[in-house]
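None of the values given here were measured: they were computed from a predicted structure.
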There are 2 protein chains.
Amino acid sequence: MTNTTSPVPPNEILILSQTAVYALKAVLHLAEQAAHAPLRVDDITKAVGVPRNYLSKVLHALAREGILVSARGPKGGFQLAGRADELFLGEVIAQFDDIAAGSGCLLGRERCSDESPCAAHQRWRDVSNAVRQFLDQTTIADLTHSGARLELEHLGVD
Amino acid sequence: MTNTTSPVPPNEILILSQTAVYALKAVLHLAEQAAHAPLRVDDITKAVGVPRNYLSKVLHALAREGILVSARGPKGGFQLAGRADELFLGEVIAQFDDIAAGSGCLLGRERCSDESPCAAHQRWRDVSNAVRQFLDQTTIADLTHSGARLELEHLGVD
DNA sequence: CCAATTAATCATCTCATCATGACGAACACA
DNA sequence: TGTGTTCGTCATGATGAGATGATTAATTGG
């Protein structure tokens, strides 16, 4: 009844949890503002469309990890702790999603039976490694408008 | 209390849902048995270690889709409806995971803003396409022992 | 037709994630 | 010192995936 159009349809495959996506959105917003003053939770909320108190908890977790710095009271808010081009997506989501797990076999057996090392399983490992590599090698700056622009120009794409 | 060591640790990242993995395990088992007679749910349960009634529902869903055939009563059970080398993983999991969704942007925006087509988002699309391609191009036979053996021999791997 | 067998279904339970509202704690500034 | 601002946290609720036990329905073989 109080439903605000649920963000994730049932059965939708997500790879990243909703919470991790919230974290990425918020951090990306902070990076794009490149603000001198901290941004308040309420402003970030409006910008990325995430429930206020929930986002607050997410941001606080990021602050505890040293990814953001937070300050209370007037003039308070959140800021990036470091450079956006040195902050990898994997770091941002690490507190929310256990990406290291699931490294194994598609079918959840710890290791593909030694009897049959199974070529397809190897291909699956390649796939899930691609996910991991993306998260570990892409920085927040790569996702910002300016970052993307730079990369595109650098590649000669119009 | 009655806990049988929960299959998925919290926060674990899962690309495929647990249910989809169950379906794959069961279908793979059926393919490996290559049985002339149908296999009963209880036998499949023991083989793949999945809760009995839950697996029953999963198998039934697969039967409704024409992937399996089911029969009740004595001599009843489940069988593959077609050939294992013509059955793609994507078909098996389609009823459980909406893999087509999430095709878009990492951050859930429907499309990356036209202003900034964002190179990193393109790379993310590549990643999720890799998952889709794997599921759409790999058959159940590719995952069976015999299938894997054949493929390995064919590649000259010892 | 009866009894055993096996899938199909139903009602319910647990749990983690996501979400919300209210309250407490720190901080800036007058 | 006090007041308003803003983060921090707690208690609680909603929802969907996963799981379980009991019951119903179909089928076979005697």
Engineer: Report the residue (B:G76 or A:A20) whose heavy-atom-nearest nucleotide on DNA chain C is the more 5′ of the two.
Structural biologist: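 The residue whose closest nucleotide sits nearer the 5' end is B:G76.
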Engineer: With a 4.0 Å cut-off on heavy atoms, is B:A63 in touch with a base, just the backbone sugar-phosphate, or nothing at all?
Structural biologist: nothing
Engineer: Check the phosphate of C:dT17 against B:N11, side-chain N and O only, distance under 4.0 Å to OP1 or OP2. Yes or no?
Structural biologist: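 It does, given that an N or O in the side chain of B:N11 lies less than 4.0 Å from OP1 or OP2 of C:dT17.
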Engineer: For the CG atom of A:L28 and the CG atom of A:L143, what is their distance to the nearest 0.5 Å?
Structural biologist: 6.0 Å
Engineer: So how far is it from A:I13 CD1 to B:L135 CG, rounded to the nearest 0.5 Å?
Structural biologist: 7.5 Å
Engineer: Considering only side-chain heavy atoms of B:K57, which listed nucleotide, C:dT5, C:dC29, D:dA19, is closest?
Structural biologist: D:dA19
Engineer: Does a side-chain N or O from B:Y22 land closer than 4.0 Å to OP1 or OP2 of D:dA19, or not?
Structural biologist: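 For D:dA19, OP1 or OP2 has a side-chain N or O of B:Y22 closer than 4.0 Å.
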Engineer: A:R52 side chain N/O closer than 4.0 Å to the phosphate oxygens (OP1, OP2) of C:dG21?
Structural biologist: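 So the side chain of A:R52 is outside the cut-off, no N or O lying under 4.0 Å from OP1 or OP2 of C:dG21.
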Engineer: May I ask you to evaluate whether B:H60 reaches the phosphate of C:dA8, defined as a side-chain N or O under 4.0 Å from OP1 or OP2?
Structural biologist: yes
Engineer: At less than 4.0 Å, is any side-chain N or O atom of A:T19 found next to OP1 or OP2 of C:dC18? Yes or no.
Structural biologist: yes
Engineer: Out of the candidates B:T144, B:T138, B:T139, only one should pair with B:D142 under the side-chain hydrogen bond (donor to acceptor under 3.5 Å, both in side chains) rule; please name it.
Structural biologist: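 The residue from B:T144, B:T138, B:T139 that satisfies side-chain hydrogen bond (donor to acceptor under 3.5 Å, both in side chains) with B:D142 turns out to be B:T139.
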Engineer: Using a cut-off of less than 4.0 Å, is there contact between a side-chain N or O of B:R72 and OP1 or OP2 of D:dA25?
Structural biologist: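 Answer is no, no contact under 4.0 Å.
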Engineer: May I ask you to say whether B:R40 pairs ionically with B:D43, meaning some side-chain N is under 4.0 Å from a carboxylate O?
Structural biologist: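 Salt bridge: yes.
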Engineer: Would you say a side-chain N or O of A:S70 is under 4.0 Å from OP1 or OP2 of D:dC7?
Structural biologist: no
